[in-house]
Structures are given as C-alpha cells and as structure tokens.
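Right, one structure below, let's go through it.
Numbering starts at 1 and runs along the sequence shown.
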Amino acid sequence: MKANKLTPNLEVRDIKNTVEFYTTKLGFKLVMAVPESQDGIDQELANDKAYVYALMQKDQVELMFQRSDSFKEDVVFAKGLPIGASVSFYMEMEGIKELHAELSSQGLEVTELKMAWYGMREFYLKDLNGYLLGFGEKAE
C-alpha cells in the first residue's frame, strides 16, 4: 500500500464565505467548485449559484471544503457531530514573520509568533469556521 497525498476535507457552513476568506486572507486560489445542483464543475464562483464543495490550493497545499448538509450526507460518521474538532492543520511556510504580521494587521484571531521546542517558529490562526491552522518555518 502506498499513500500518495493527504487533502483534508473540511465541513463548512458556507462555501462562498469560506472561499473568500481563504482567497483574501491566506492567498489560496480556487481550483474548482461544485454547485448545489451538482450538475457540473465551476472554475469560478457565480453570484447566482449556491455551492456544496470547493477545492482550493496554495503552492503545494490543497484543502477541500464541503457544505455541512452535503458533508454529513457523504460522511455518515459526521452525523450529529459539530463542525470542527480538536485538530489543527499545520503548514510549513517560508516568510513566517511577514505572514504573521500581515494576518495580525488584518485583525484575525492569531496566536503570538513563538519558537517551539522542536525547532519551528510558528503561530496558529482560527478561521471563520473555527478550524485551527498552524503555520511554521524551520528555525535558522
């Protein structure tokens, strides 16, 4: 058995709001979105459509977002569970000091930039759905 890639699929309340957050705040790009009708794939979000799924990418990091009702239908183990969990999604970055300053200046909920005992300069951010995103850079 060979594992090729891990792409988290995050349950979210609203696809458009989530895409906007990850695009404007974190620099992700929309790869594709599935409209509520599930009759095709859009490369851009349309104002007159609601969406159930989006795939986003920044450099080598991919994240999937799926609207709650669709997620709970597809992932039966999620029925009755709240959005979010005691998990963080950790991304190794370059330019961590600049990223921290930029996100902090936008008034986002971020922790202090600190040096961790395992050699990473890091901080955490809480996104609009309550997910915890970790950002780290190897110390010089």
Side-chain angles (χ1 to χ4, degrees):
M1 180 174 83
K2 178 183 173 190
N4 291 319
K5 183 166 104 172
L6 174 67
T7 307
N9 185 14
L10 308 178
E11 178 186 356
V12 300
R13 292 172 193 87
D14 184 282
I15 295 295
K16 285 183 177 178
N17 288 344
T18 300
V19 167
E20 180 183 354
F21 179 90
Y22 277 79
T23 300
T24 61
K25 305 296 186 191
L26 300 174
F28 277 72
K29 303 283 185 222
L30 178 66
V31 175
M32 61 171 265
V34 175
E36 194 170 50
S37 59
Q38 297 185 24
D39 60 355
I41 294 172
D42 292 351
Q43 306 297 285
E44 295 179 5
L45 298 182
N47 291 332
D48 62 341
K49 290 184 182 179
Y51 291 88
V52 295
Y53 173 87
L55 173 64
M56 300 192 75
Q57 183 176 34
K58 179 176 176 61
D59 303 317
Q60 300 301 311
V61 175
E62 284 186 342
L63 294 173
M64 298 183 290
F65 300 101
Q66 191 168 352
R67 199 174 67 192
S68 289
D69 57 332
S70 172
F71 185 86
K72 289 187 185 321
E73 185 178 313
D74 288 350
V75 185
V76 296
F77 297 122
K79 287 184 180 171
L81 297 177
I83 290 179
S86 59
V87 63
S88 69
F89 299 95
Y90 197 86
M91 292 175 251
E92 192 170 316
M93 309 290 291
E94 294 177 13
I96 195 79
K97 290 178 185 175
E98 296 81 5
L99 178 62
H100 184 265
E102 179 184 328
L103 296 175
S104 295
S105 73
Q106 294 179 38
L108 297 176
E109 197 171 346
V110 298
T111 62
E112 291 182 29
L113 184 62
K114 68 172 190 169
M115 177 60 80
W117 57 267
Y118 40 85
M120 297 292 282
R121 188 172 313 282
E122 64 184 22
F123 70 95
Y124 288 84
L125 165 107
K126 185 187 274 188
D127 85 353
L128 75 165
N129 291 290
Y131 288 106
L132 307 176
L133 306 176
F135 302 92
E137 182 174 36
K138 290 180 184 172
E140 298 172 7

As an exercise, state the distance from [atom1] of [X] to [atom2] of [Y], rounded to the nearest 0.5 Å.
X: Phe28; Y: Thr18; atom1: CZ; atom2: OG1; answer: 12.5 Å
X: Gln66; Y: Asp74; atom1: CD; atom2: CG; answer: 4.5 Å
X: Tyr53; Y: Asn9; atom1: OH; atom2: CG; answer: 6.5 Å
X: Asn129; Y: Arg13; atom1: CG; atom2: CZ; answer: 5.5 Å
X: Leu81; Y: Ser68; atom1: CG; atom2: OG; answer: 11.5 Å

[X] atom [atom1], over 12 foreign heavy atoms within 6.0 Å:
X: Tyr118; atom1: OH; result: yes
X: Lys126; atom1: NZ; result: no
X: Gln106; atom1: CD; result: yes

- Query: Would you call Lys72 and Glu11 a salt bridge, using N to O less than 4.0 angstrom?
  - Reply: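 Counted as a salt bridge, because a side-chain N and a carboxylate O are separated by less than 4.0 Å.
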
Shortest non-hydrogen contact from [X] toward [Y]:
X: Leu30; Y: Met56; value: N-CE, 4.0 Å
X: Ile83; Y: Tyr131; value: CG2-OH, 3.7 Å
X: Pro35; Y: Val52; value: O-CG2, 3.8 Å
X: Gly119; Y: Met115; value: C-SD, 4.1 Å
X: Gly136; Y: Ile96; value: N-CD1, 3.7 Å
X: Ala33; Y: Leu45; value: CB-CD2, 3.6 Å

- Message: Set out, in order, the CA-CA distance, both residues' side-chain angles and the distance that settles side-chain contact (heavy atoms from CB on, under 4.5 Å) for Glu137 and Glu92, then state yes or no.
- Response: CA-CA 6 Å; Glu137 182 174 36; Glu92 192 170 316; 6.0 Å; no

- With side chains defined as the heavy atoms from C-beta onward, is the minimum distance between Leu10 and Phe89 less than 4.5 Å?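 The answer is yes, as the side chains (C-beta and beyond) meet within the 4.5 Å cut-off.
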
- Chi angles and distances behind the side-chain contact (heavy atoms from CB on, under 4.5 Å) call for Tyr90, Tyr124: CA-CA 9 Å; Tyr90 197 86; Tyr124 288 84; 3.7 Å; yes

- Task: For side-chain contact (heavy atoms from CB on, under 4.5 Å), just list the numbers for Leu26 and Phe135, CA-CA rounded to whole Å, side-chain angles, deciding distance to a tenth of an Å, and then say yes or no.
- Result: CA-CA 11 Å; Leu26 300 174; Phe135 302 92; 4.0 Å; yes

For [X] and [Y], indicate whether the former's side chain and the latter's backbone hold a donor-acceptor pair under 3.5 Å.
X: Thr7; Y: Glu62; result: no
X: Asp14; Y: Lys16; result: yes
X: Lys58; Y: Leu63; result: no
X: Tyr51; Y: Arg67; result: no
X: Gln57; Y: Asp59; result: yes
X: His100; Y: Thr111; result: yes

- Item | Stepwise side-chain contact (heavy atoms from CB on, under 4.5 Å) test for Val19 and Phe65 | CA-CA 9 Å; Val19 167; Phe65 300 101; 5.6 Å; no

Cluster link [X] to [Y], ILVMFWY, side chain under 4.5 Å:
X: Met32; Y: Phe71; result: no
X: Val61; Y: Leu132; result: no
X: Leu128; Y: Val12; result: yes
X: Leu108; Y: Met91; result: yes
X: Val110; Y: Phe21; result: yes

- Does a donor on one side chain and an acceptor on the other come within less than 3.5 Å for Asp127 and Tyr22?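 Tyr22 and Asp127 do have a side-chain donor-acceptor pair below 3.5 Å.
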
